[in-house]
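Any value given below was found using the heavy atoms of this structure, including those in side chains, with hydrogens, waters and symmetry copies removed.
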Amino acid sequence: PGLYFKGVGEGVNMSIQYEAPLADSYGVANSFPKDFGYGEEEEGDIEDSPSPSDSKPRILLMGLRRSGKSSIQKVVFHKMSPNETLFLESTNKIYKDDISSSSFVNFQIWDFPGQVDFFDPTFDYEMIFRGTGALIFVIDAQDDYVEALGRLHLTVSRAYRVNPEINFEVFIHKVDGLSDDHKIETQRDIHQRANDDLADASLEKLHLSFYLTSIYDHSIFEAFSKVVQKLIPQLPTLENLLNIFISNSGIEKAFLFDVVSKIYIATDSSPVDMQSYELCCDMIDVVIDVSCIYGLKEDGSGSAYDKESMAIIKLNNTTVLYLKEVTKFLALVCILREESFERKGLIDYNFHCFRKAIHEVFEVGVSTSRTSNQPAGTPLLKTVALNGTPRSTV
């Protein structure tokens with residue numbers, strides 16, 4: 001059934017079109033994992049025998065105790081309210097969280113307790129770092145970070161010697177309690193000290209990326225988006241597809257979102273405006289929340305997001321937000337002007353071509369992954385030529 005909302009929030013006209021899942025939609029009732037989040041966490045130690053899922057590329061969350069690692073994981077991948085994270089207990093074991101965020105990237109997140117010495121001889125740190133795609137080190141910006149910088153240097157230097165291909169990311173976290181000037185000064189100080197330590201150890205080739213983050217705004221989602229994008233070697237292909245789509249449709253900005261986590265897998269080449277990104281994230285929340293209430297069948301079965309999912313939000317400043325389903329995990333969210341949206345037929349046709357190209361990307365990836373054995377640190381990714389013709393994975 002179609003739904004129409006008018007005046008949701010001041011100055012906002014919003015219409016949401018949602019139809020009951022088709023019989024051939026995705027073949028299963030629960031297209032998304034339980035509670036519209038990701039799978040349950042696995043708990044274990046490093047000495048555990050490796051499971052088949054351990055061959056997936058890993059993102060490591062490391063840092064001192066109470067720096068906010070588990071809160072980041074819960075908010076981004078399990079839709080926990082930031083206020084609820086205040087009641088999380090301190091992590092005392094390694095948590096392996098298998099993230100199937102989309103058909104595009106399948107990886108694990110390993111959340112490490114801050115009080116454990118990972119370089120103790122009883123731990124095989126070479127095994128930890130060998131299959132790692134990205135290492136995120138979380139620093140509490142509201143605390144004295146001298147000890148954290150020492151631990152950061154020890155961690156990244158050991159990891160770099162084992163696997164120079166790791167992407168090293170530093171989240172300067174809990175900046176919501178700092179003034180803008182204090183944020184900038186803290187980031188500059190941490191950046192300077194960390195790179196000085198690397199220079200003293202003759203590790204100038206080791207590159208650190210720094211992000212100011214907080215779970216109380218969208219900065220943590222944007223930072224994780226940048227981390228995940230670095231694991232996608234075919235990112236330029238996606239960006240080119242988005243550039244072609246928006247330039248021929250009169251669209252100002254487009255994001256390819258993972259619906260559950262609100263991480264954007266790719267965007268066009270124009271600069272990302274934080275307010276635009278926040279608007280798109282909020283739109284996804286509204287669509288999913290309304291669909292969970294009105295889109296399911298009477299017995300509660302079905303999916304809150306399927307191939308018929310589509311939403312239009314018109315703001316009072318002549319801006320239109322347009323959401324369309326791309327795959328059962330991905331959504332395209334566009335920002336455009338009302339006068340451009342008058343050519344909705346052209347936009348929908350161009351979207352159909354874009355969506356077809358993305359699906360061909362996945363089909364090539366499925367056939368490629370079945371016929372080749374990729375290294376553990378390589379994400380399960382696919383590619384497509386700019387004209388939409390599938391080709392082998394690079």
Side-chain angles (χ1 to χ4, degrees), residues 1-6 8 11-19 22 25 102-104 234-259 264-273 275-277 279-284 286-288 290-291 305-364 382-390:
L3 301 176
Y4 180 73
F5 294 83
K6 187 171 183 179
V8 181
V12 177
N13 294 320
M14 177 179 71
S15 61
I16 297 180
Q17 178 176 317
Y18 182 88
E19 297 184 7
L22 301 177
S25 180
S102 68
S103 300
F104 224 88
Q234 292 82 3
L235 182 64
T237 299
L238 288 177
E239 290 182 351
N240 283 329
L241 287 172
L242 286 166
N243 285 334
I244 293 170
F245 171 68
I246 68 170
S247 63
N248 289 283
S249 306
I251 292 171
E252 295 184 355
K253 189 67 182 170
F255 294 92
L256 189 61
F257 272 98
D258 169 36
V259 177
Y264 66 94
I265 302 300
T267 185
D268 58 88
S269 56
S270 63
V272 175
D273 174 47
Q275 285 186 326
S276 299
Y277 175 63
L279 270 176
C280 295
C281 287
D282 292 342
M283 181 185 193
I284 291 175
V286 170
V287 171
I288 297 303
V290 172
S291 297
Y305 181 78
D306 70 4
K307 66 198 232 179
E308 299 299 321
S309 296
M310 181 269 285
I312 303 166
I313 297 179
K314 296 183 178 181
L315 308 181
N316 61 358
N317 61 353
T318 72
T319 299
V320 176
L321 305 179
Y322 190 28
L323 180 147
K324 293 274 285 183
E325 183 265 3
V326 178
T327 75
K328 67 178 180 179
F329 296 108
L330 300 180
L332 181 71
V333 183
C334 306
I335 301 175
L336 65 161
R337 296 294 173 186
E338 281 188 358
E339 53 267 26
S340 299
F341 194 66
E342 293 175 358
R343 299 178 295 171
K344 184 175 179 294
L346 173 65
I347 295 173
D348 287 345
Y349 175 78
N350 288 339
F351 170 79
H352 173 74
C353 297
F354 172 81
R355 186 174 185 267
K356 183 179 178 182
I358 295 295
H359 277 266
E360 288 177 350
V361 167
F362 295 157
E363 289 170 6
V364 172
K382 306 93 192 176
T383 188
V384 64
L386 294 185
N387 61 2
T389 305

Residue set satisfying side-chain hydrogen bond (donor to acceptor under 3.5 Å, both in side chains) with Ser247, at least two apart, ordered chain then number -> none
side-chain hydrogen bond (donor to acceptor under 3.5 Å, both in side chains) with Lys324: which residues, sequence neighbours excluded?
-> none
Steps toward side-chain contact (heavy atoms from CB on, under 4.5 Å) verdict (Leu241, Leu256) | CA-CA 11 Å; Leu241 287 172; Leu256 189 61; over 6 Å; no
Is any side-chain heavy atom of Ile335 less than 4.5 Å from a side-chain heavy atom of Leu321?
-> yes
Under the salt bridge (Lys or Arg N to Asp or Glu O under 4.0 Å) rule, what pairs show up with a residue in residues 247-256, not counting sequence neighbours?
-> Glu252-Arg337, Lys253-Asp268
Note: Val326 and Ala331 closest approach over all heavy atoms is CG2-C, 4.0 Å
When rounded to the nearest 0.5 angstrom, what distance separates SG in Cys334 from CG in Leu242?
-> 8.5 Å
When rounded to the nearest 0.5 Å, the distance separating CG of Leu332 from OG1 of Thr327 is 11.5 Å
Nearest heavy-atom pair of Gly250 and Leu336: which atoms, and what distance?
-> O-CB, 4.0 Å
With sequence neighbours left out, what residues match Asn248 under side-chain hydrogen bond (donor to acceptor under 3.5 Å, both in side chains)?
-> none
Distance col, row Leu238:CG vs Ile265:CD1, nearest 0.5 angstrom, shows 8.5 Å
Across all chains, not counting sequence neighbours, the side-chain contact (heavy atoms from CB on, under 4.5 Å) partners of Ser249 are Phe245, Ile251, Ile347, Asn350
Begin from the C-alpha positions of Asn243 and Asn240 and carry the test side-chain contact (heavy atoms from CB on, under 4.5 Å) through to its verdict.
-> CA-CA 5 Å; Asn243 285 334; Asn240 283 329; 4.2 Å; yes
Tell me, please, which residues at least two apart from Tyr264 pass ring-ring contact (aromatic ring centres under 6.0 Å, His included).
-> Phe255, Tyr277
For the student: nearest non-hydrogen atoms of Val259 and Ile284, plus distance | O-CG2, 3.7 Å
Answer whether the closest heavy-atom distance between the side chains of Ile244 and Phe354 falls below 4.5 Å.
-> no
Could you pull out all residues at least two apart from Glu338 that satisfy side-chain hydrogen bond (donor to acceptor under 3.5 Å, both in side chains)?
-> none
Identify, with sequence neighbours excluded, every residue that meets salt bridge (charged side-chain N to carboxylate O under 4.0 Å, His left out) alongside Asp348.
-> Lys344
What distance separates Leu323 CG from Met310 CE, expressed to the nearest 0.5 Å?
-> 9.5 Å
How would you list, by chain and number, every residue that makes a ring-ring contact (aromatic ring centres under 6.0 Å, His included) with Phe341, sequence neighbours excluded?
-> Tyr322
Measure the spacing between NZ of Lys328 and NZ of Lys307 and express it to the nearest 0.5 Å.
-> 12.0 Å
